[in-house]
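Beneath this line is the structure, given in structure tokens, with notes to follow.
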Amino acid sequence: MGDPIYIKLATGSTILLLVILQFGWDAYQQFVDGAKQLVLNRRISLQLEMRNNELDELNRQLSVTATHDSLTDLYNRHFIVAQLKQQLDLFRRHGNPCSIVLMDIDRFKQVNDQFGHASGDEVLVVFSKRTESQIRLGDTFGRYGGEEFLLILPMTELPSALSLAERIRGYLASTPLLEHPRPLTITASFGVAQIKANESIDSWLIRSR
Ligand SMILES: Nc1nc2c(ncn2[C@@H]2O[C@H](COP(=O)(O)OP(=O)(O)OP(=O)(O)O)[C@@H](O)[C@H]2O)c(=O)[nH]1
């Protein structure tokens, strides 16, 4: 018994020889060109597949960048406003209630001035994570700008939104947000408003200030 690779080669050569004998040299050339083309096509389709995967990943990253705040990783203002529009629409069409909670970190400028901008950034990040840990999956939490954050609570009436805001406020006030250079407890002001009939996003936001 010969080695399987030699048998394979012998079989391959035999087929080629048969092709030449049976159909002539031109047919053999066509056969070889066809085989080369097949290999080339396979290589091209693999390269295309790789490029497509790279483009998918790039698109995913672009969509994250377009909708998220780079410091806190929360949704950005652009995304939040789009969500508010959607909620307003759902309210107008189906009467679905929705409440918002606008949070403003108190005396944040002092944090920057006393501890430096990097500590200010850390406060924003830790504040975001702590608040995010207190909300439900269907709620949207984002950075509205600077030290302002907005929580959108679909299908939520004012009393529930108020009690959630109170819970978050208590949770934030209970533990220092930063430990270094010294323990620093951060408080925030909360404004809560439920969407009303015939109102715009601007007036809804103004009522939460
Ligand atoms: N570290 C840091 N600071 C920021 C960022 N965005 C905005 N700020 C700062 O946030 C501060 C906001 O100042 P103010 O609007 O006076 O707010 P405040 O000091 O919290 O005052 P009150 O809201 O009245 O309590 C400014 O000093 C901004 O420079 C950021 O991404 N990182």
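As the structure lists them, so they are numbered: ligands from 1, and atoms in each ligand from 1. These numbers were taken from a predicted model, which means no experiment stands behind them.
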Spacing of CZ belonging to Phe31 relative to CG belonging to Asp26, to within rounding of 0.5 Å: 15.0 Å
Phe149 ring center near Tyr144 ring center (under 6.0 Å): no
Proximal candidate to atom 27 (O) of ligand 1 [heavy atom criterion; set Lys109, Glu122, Gln110]: Lys109
Protein contact to atom 7 (C) of ligand 1 [nearest heavy atom, distance to 0.1 Å]: Gly146 CA, 3.6 Å
Ser160 side chain reached by Leu153 side chain, heavy atoms, under 4.5 Å: no
Residue and atom name of the nearest protein heavy atom (relative to atom 17 (O) of ligand 1), distance in Å to one decimal: Glu147 OE2, 2.8 Å
Asp121: numbered ligand 1 atoms lying under 4.0 Å from its heavy atoms: 1 (N), 2 (C), 30 (C), 31 (O), 32 (N)
Val81 side chain reached by Gln83 side chain, heavy atoms, under 4.5 Å: no
Nearest non-hydrogen protein atom, atom 9 (C) of ligand 1: Asn112 ND2, 3.5 Å
Cationic N near anionic O, under 4.0 Å, Lys109 to Asp113: yes
Heavy-atom closest pair, residues Ser128 and Thr72: OG-CG2, 3.3 Å
Sub-3.5 Å N/O-N/O distance, Ile105 and ligand 1: yes
Nearest neighbour in protein (non-hydrogen) for atom 22 (P) of ligand 1: Arg107 N, 4.0 Å
Atoms of ligand 1, numbered as shown, that sit under 4.0 Å from any heavy atom of Gly120: 1 (N)
Nearest protein heavy atom with distance in Å, relative to atom 4 (C) of ligand 1: Phe108 CE2, 3.6 Å
Lys196/Glu199 under salt bridge (charged side-chain N to carboxylate O under 4.0 Å, His left out): CA gap, chis, key distance, verdict: CA-CA 6 Å; Lys196 278 184 180 170; Glu199 99 172 319; over 6 Å; no
Protein residue, atom and distance nearest to atom 31 (O) of ligand 1, heavy-atom basis: Arg143 NH2, 2.7 Å
More than 12 heavy atoms from other groups under 6.0 Å of OH on Tyr75: no
Nearest-neighbour protein heavy atom for atom 23 (O) of ligand 1, which is reported as residue plus atom name and distance: Asp104 OD1, 3.3 Å
Under 4.0 Å to a heavy atom of Asp106 - the qualifying atoms of ligand 1, by number: 20 (O), 25 (O)
